[in-house]
Undergrad: 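Sharing a structure, written as structure tokens. Questions coming.
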Amino acid sequence: MIELSKLHAYVDGELSDSECREVESRLAGCSTSRAEVTSIIGLKSTLKGHSEVDCSDVWASCKTRLDAIDRVAKSGNFITRYSWGFVTAVALIMVIGGGYARHAQASSVDSSSLAGVFAGSRSQSPEKVSRDAQLDKLLRYADRNLNALKPVSVTNMSINGLPSRRYDFEDGKGRMSLLELPRITSFDGMAPNADGKYFYGQIEPGTMAVGWRVQGAALILVGSRDYAELEKIARSSFMLPE
Amino acid sequence: MAFVASVTLGKSPYRESEGRLARPMLFGKRDTKREAFERHAERAFSSVFGTALRLTRSREEAEDLTQEAIVRAYEAFDRFDGSNFKAWILRIVTNLYINKYRSRQRGPQLTSLEEDNVIEPMSVESEIPDRQLFDGLVGTEVENALRKLPEEFRLAVVLSDIEEMSYQEIADATNVPIGTVRSRIARGRAMLRRILENYALKEGFIKDGYDL
């Protein structure tokens, strides 16, 4: 019988012309080898014939990811144009401003007051703590989380007179921020997802926020990702909503 | 203040699209890199996802692996030499799987079978003629049989027989010598045929004692 790996290579078209001629010459006189060739061809054909997979929905998800990459690239490097964490804080005030203001017994937040917050925050020098123990507590790493989150810093800050905390971290695709706002129970200006547990808001084109309630506080995750990806990170890496 | 002005408070992407999330806004027309990448990627996509699915044996993980591979390929698309996109991206899928996903897998993975280089014939001593066996199979049975193959053999057989890659392309994708690829394909097919035959006999769609 002809060497088996050579028969497989013959069927696969991996032999040189001279090797092919040699195999074909020997096949003529070896019924066992011929049967083997037939069997290999049959198996290959069976595998190829049953290889279709349904993947149209996955392709759509991939295109959404590509959209996010394009948006980040085309936004002129959003993070360098603005201080990332600073923008996050301001943006979140905007997203949940109404709710936060109500709970803080303050007047409603409009764009002019936001501008004041924006200017005021800029002059602050927030305390940054690398690998803060609270960050370790907050980040609940999930085994199946693809984008292992690397903590960068924790910033204690005050928004409208209420203490809050911003956690900056990153994964392979860039920086994200999580804002922890105590005493917030509603998300004004944010739309609930299908199960009503997470809330979506657009900070600016290409920068999205996903919020949810945990232990009497609001957590809001902000990044240059689409809603689905942010929610996925939220679900896999952080405490689940109440 | 330009940033403040650009914020879109109160918009509901969920409501706007009547139950589906609105597509995030794009900045202008897509560039040529994106168009070129999509053209290549869409053609190769069923191969990318199919290979991911057969490697991870989990649709959820296959989706994650596929998305990550597509993103990495897009980011590295400038370095694609223009020759064979499918082989190039399947190499990314395979390397991602080996480096990141393999440790999570359960079931047959790496084996010590590599040291035993005896290749079994497929047809000799088989109890069922090829045509009777292969004609009676449906897709689920073939996929289930593939899942039972140890990982290195499964990968070689999938890349060769389903993705129709050359031995050299498989060697490049799996980082093993071409002789190892040749051996794995031959041995993987022999194992697969035995698994399919045992399945056929066990499930009874081929009865013992047929007329040879």
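A, B, ... follow the sequence lines: proteins, then strands. Residue 1 opens every chain. Because the structure is a prediction, the values reported are computed rather than measured.
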Undergrad: Could you report the tightest heavy-atom contact between B/Ser46 and A/Cys55, atom names first, then the distance?
TA: CA-SG, 3.9 Å
Undergrad: Any ion pair linking B/Arg34 and A/Asp67 (charged N to carboxylate O, less than 4.0 Å)?
TA: yes
Undergrad: With rounding to the nearest 0.5 Å, note down the distance linking CG in A/Asp70 to CZ in B/Phe37.
TA: 10.5 Å
Undergrad: Which heavy atom of B/Arg59 sits nearest to which heavy atom of A/Asp54, and what is that distance?
TA: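 Closest approach of B/Arg59 to A/Asp54: NH2-O, 2.9 Å.
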Undergrad: Side chain, backbone, both or neither: which part of B/Leu146 has a non-hydrogen atom closer than 4.5 Å to chain A?
TA: side chain
Undergrad: With chain B, which of A/Glu3, A/Lys44, A/Lys6 has the greatest number of heavy-atom pairs at distances under 4.5 Å?
TA: A/Lys44
Undergrad: Does A/Trp59 reach the side chain of B/Val48, with side-chain heavy atoms less than 4.5 Å apart?
TA: no
Undergrad: Closer than 4.0 angstrom, basic N to acidic O: yes or no for A/Lys63 and B/Glu42?
TA: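 Salt bridge absent between A/Lys63 and B/Glu42.
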Undergrad: Using a 4.5 angstrom heavy-atom cutoff, name the option from B/Leu53, B/Ile70, B/Ile178 with the most pairs to chain A.
TA: B/Ile70
Undergrad: For A/Ser5 and B/Ala186, which heavy atoms make the closest approach, and how far apart are they?
TA: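 For A/Ser5 versus B/Ala186, the nearest heavy atoms are CA-CB, 4.3 Å.
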Undergrad: If we define contacts as heavy-atom pairs under 4.5 Å, which of B/Val158, B/Asp161, B/Thr66, B/Val71 has the most with chain A?
TA: B/Asp161
Undergrad: Locate the shortest heavy-atom distance separating A/Ile40 from B/Arg189; write the atom from each residue and the value.
TA: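 A/Ile40 and B/Arg189 have their closest heavy atoms at CG2-NH1, 3.6 Å.
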Undergrad: Decide yes or no for A/Lys232 and B/Asp64: does some side-chain heavy atom of the first lie under 4.5 Å from some side-chain heavy atom of the second?
TA: yes
Undergrad: With heavy-atom distances below 4.5 Å as the criterion, would you say the side chains of A/Ser39 and B/Arg193 are in contact?
TA: yes
Undergrad: What option among B/Glu75, B/Glu163, B/Arg54 has the most heavy-atom pairs under 4.5 Å with chain A?
TA: B/Arg54
Undergrad: Donor-acceptor pair, distance only, cut-off 3.5 Å: does the side chain of B/Gln67 make one with the backbone of A/Arg65?
TA: no
Undergrad: Run the side chain to side chain contact (heavy atoms under 4.5 Å, CB included) test on A/Asp12 and B/Arg182 for me, step by step, so that the C-alpha distance in whole Å, both residues' side-chain angles and the decisive distance to 0.1 Å come before the verdict.
TA: CA-CA 10 Å; A/Asp12 291 332; B/Arg182 184 164 151 156; over 6 Å; no
Undergrad: Do you know which two heavy atoms are closest between A/Val58 and B/Phe49, and how far apart they sit?
TA: CG2-CE1, 3.9 Å
Undergrad: For B/Ala41, is it the side chain, the backbone, both or neither that has a heavy atom under 4.5 Å from a heavy atom of chain A?
TA: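 Contact with chain A: backbone and side chain both.
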Undergrad: Do A/Leu43 and B/Val157 have side chains that get closer than 4.5 Å, going by heavy atoms?
TA: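 Sidechains of B/Val157 and A/Leu43: no contact.
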Undergrad: Tell me the closest heavy-atom pair linking A/Leu47 and B/Ile162, and the distance in Å.
TA: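 Scanning both residues, the minimum pair turns out to be O-CG1, 4.0 Å.
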